[in-house]
Protein chains: 2
Amino acid sequence: MKSDNDHIKIDGIDKDILRYLMAEARKPILEIARKIGISGAAIHQRLRKLESSGLISGAKLVINPKVLGYTTMAYIGIYLDKAMSNPVAVKELEKIPEVLECHYTTGNWSILIKVLCRDNEHLMQVLNRDIQPIEGVSRTETFISLDQQIDRQITI
Amino acid sequence: MKSDNDHIKIDGIDKDILRYLMAEARKPILEIARKIGISGAAIHQRLRKLESSGLISGAKLVINPKVLGYTTMAYIGIYLDKAMSNPVAVKELEKIPEVLECHYTTGNWSILIKVLCRDNEHLMQVLNRDIQPIEGVSRTETFISLDQQIDRQITI
DNA sequence: GCTGAAATAGTAACTTC
DNA sequence: GAAGTTACTATTTCAGC
């Protein structure tokens, strides 16, 4: 039984399989099999092992929010009152669909969140109507991402 | 021909399909077909349409970096000298595999990046050996993510 | 959106080292 | 017994309707 923190051994073949699927999760496994030089069933067995080891945590369809009209991405640093517990604030943030990430951070803020909005007006609404009213939120600092220039996963 | 910024029409069935696949990109399409009540081929047609519209930009295998021993995630705000052009700095940041995201932001910094390291010592190395030496980088502010409490995509 | 044929994936039993 | 192949069934993909 492997816990989340055990390091596991993966060989070159595992790495090849992962690299292909990290870029294109629905790539035909037989195609990978032909390129690597082993059978499709063998790849499937390795994938099952990588899944049960916890290294593979899933596969997600990536969608382009711009096509839906969501063009404004921003990071917001949130200062919480000392009395306010982080988990309670996170529970409230979870209810806001525009909040995509939430980190409990060292440094100036208690919380750093990433939000995705249609435009600046929508962002202002989320700040004023959804975030500021949360109990314990004293102040926020907003950084709009004018352009996301790198977006990738860990390199295998 | 649709450009990246056109909004497209998607109906309830499209939304259902997207919701299933955004959570589990490798979920059998026939399984979704049975739940929604249309044929697998119909779903496939809709997926092709969604792909060519640009809404679906791909499918990625999600891996758990903790299993590989990467436990320290941090955001780093970077101040650039006025003379330094952003694209040149980004080109250098791209060469650092630990840099997962890079945003050109409004506010205090020129650039906000997200890095993933094995531990605090590794993070220190990346800062001192890889980031600080980049020409034009004058100062950095680091925020370690003690815990990522929300991580999701846009809600459809 | 459906149908049906060809390609591909997933599973299990068998083989080899 | 760990890793792979072969053989078999289910699913996906693609063309024609």
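Below, chains carry the letters A, B, ... as their sequence lines are ordered, and counting in each starts from 1.
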_Nucleic acid contacts of residues 15-28 of chain A, taken as heavy-atom distances under 4.0 Å to DNA chain C_ = Lys27(A), Pro28(A)
_Please list, in numerical order, the residues of residues 42-49 of chain A that have a heavy atom closer than 4.0 Å to any atom of DNA chain C._
His44(A), Arg48(A)
*Five-pair end axes of the helix from dG1(C)-dC17(D) to dC17(C)-dG1(D), angle between them (10°)*: 20°
Who pairs with [X] by side chain to side chain contact (heavy atoms under 4.5 Å, CB included), at least two apart in sequence or on another chain?
X: Lys15(A); value: Ile10(A), Arg19(A), Ile156(A)
X: Ala41(A); value: Ser39(A)
X: Ala74(B); value: Val115(B), Leu123(B), Thr142(B), Ile144(B)

_Among dA12(C), dC2(C), dG10(C), the one nearest Ala41(A) by side-chain distance_ = dA12(C)
_Connected-component partners of Tyr79(A) among ILVMFWY, side-chain separation under 4.5 Å_ = Tyr75(A), Trp109(A), Leu112(A), Phe143(A), Tyr75(B), Tyr79(B), Trp109(B), Leu112(B), Phe143(B)
*Which ILVMFWY residues are connected to Leu30(B), directly or by a chain of links, through side-chain heavy atoms under 4.5 Å apart?*
none
*Rounded to whole angstroms, how far apart are NZ on Lys35(A) and C1' on dT8(C)?*
15 Å
*Let me know the distance between CG of Leu30(B) and P of dG4(C), rounded to the nearest Å.*
15 Å
*Pairs where residues 36-68 of chain A contributes a residue and the test ring pair (Phe, Tyr, Trp, His ring centres under 6.0 Å) is met, not counting sequence neighbours*: none
Could you check whether any side-chain N or O of [X] sits under 3.5 Å from a backbone N or O of [Y], counting only pairs where one atom can act as donor and the other as acceptor?
X: Asp147(A); Y: Gln149(A); result: no
X: Gln148(B); Y: Ile150(B); result: yes
X: Arg152(B); Y: Val99(A); result: yes
X: Thr105(A); Y: Ser145(B); result: no

_Terminal contacting nucleotides, 5' and 3', DNA chain D versus chain B (heavy atom, 4.0 Å)_ = dT11(D) to dC14(D)
*In chain order, what residues pass the side chain to side chain donor-acceptor pair (under 3.5 Å) check against Gln132(A), with sequence neighbours excluded?*
Thr140(A)
*Output yes when Glu92(A) and Lys95(A) qualify as a salt bridge under the 4.0 Å nitrogen-oxygen rule, no when they do not.*
yes
*State whether Ser39(B) places a side-chain N or O below 4.0 Å from either non-bridging phosphate oxygen (OP1 or OP2) of dC2(C).*
yes
*Restricting to pairs with a member in residues 127-146 of chain A, which pass salt bridge (Lys or Arg N to Asp or Glu O under 4.0 Å), not counting sequence neighbours?*
Arg139(A)-Glu141(A)
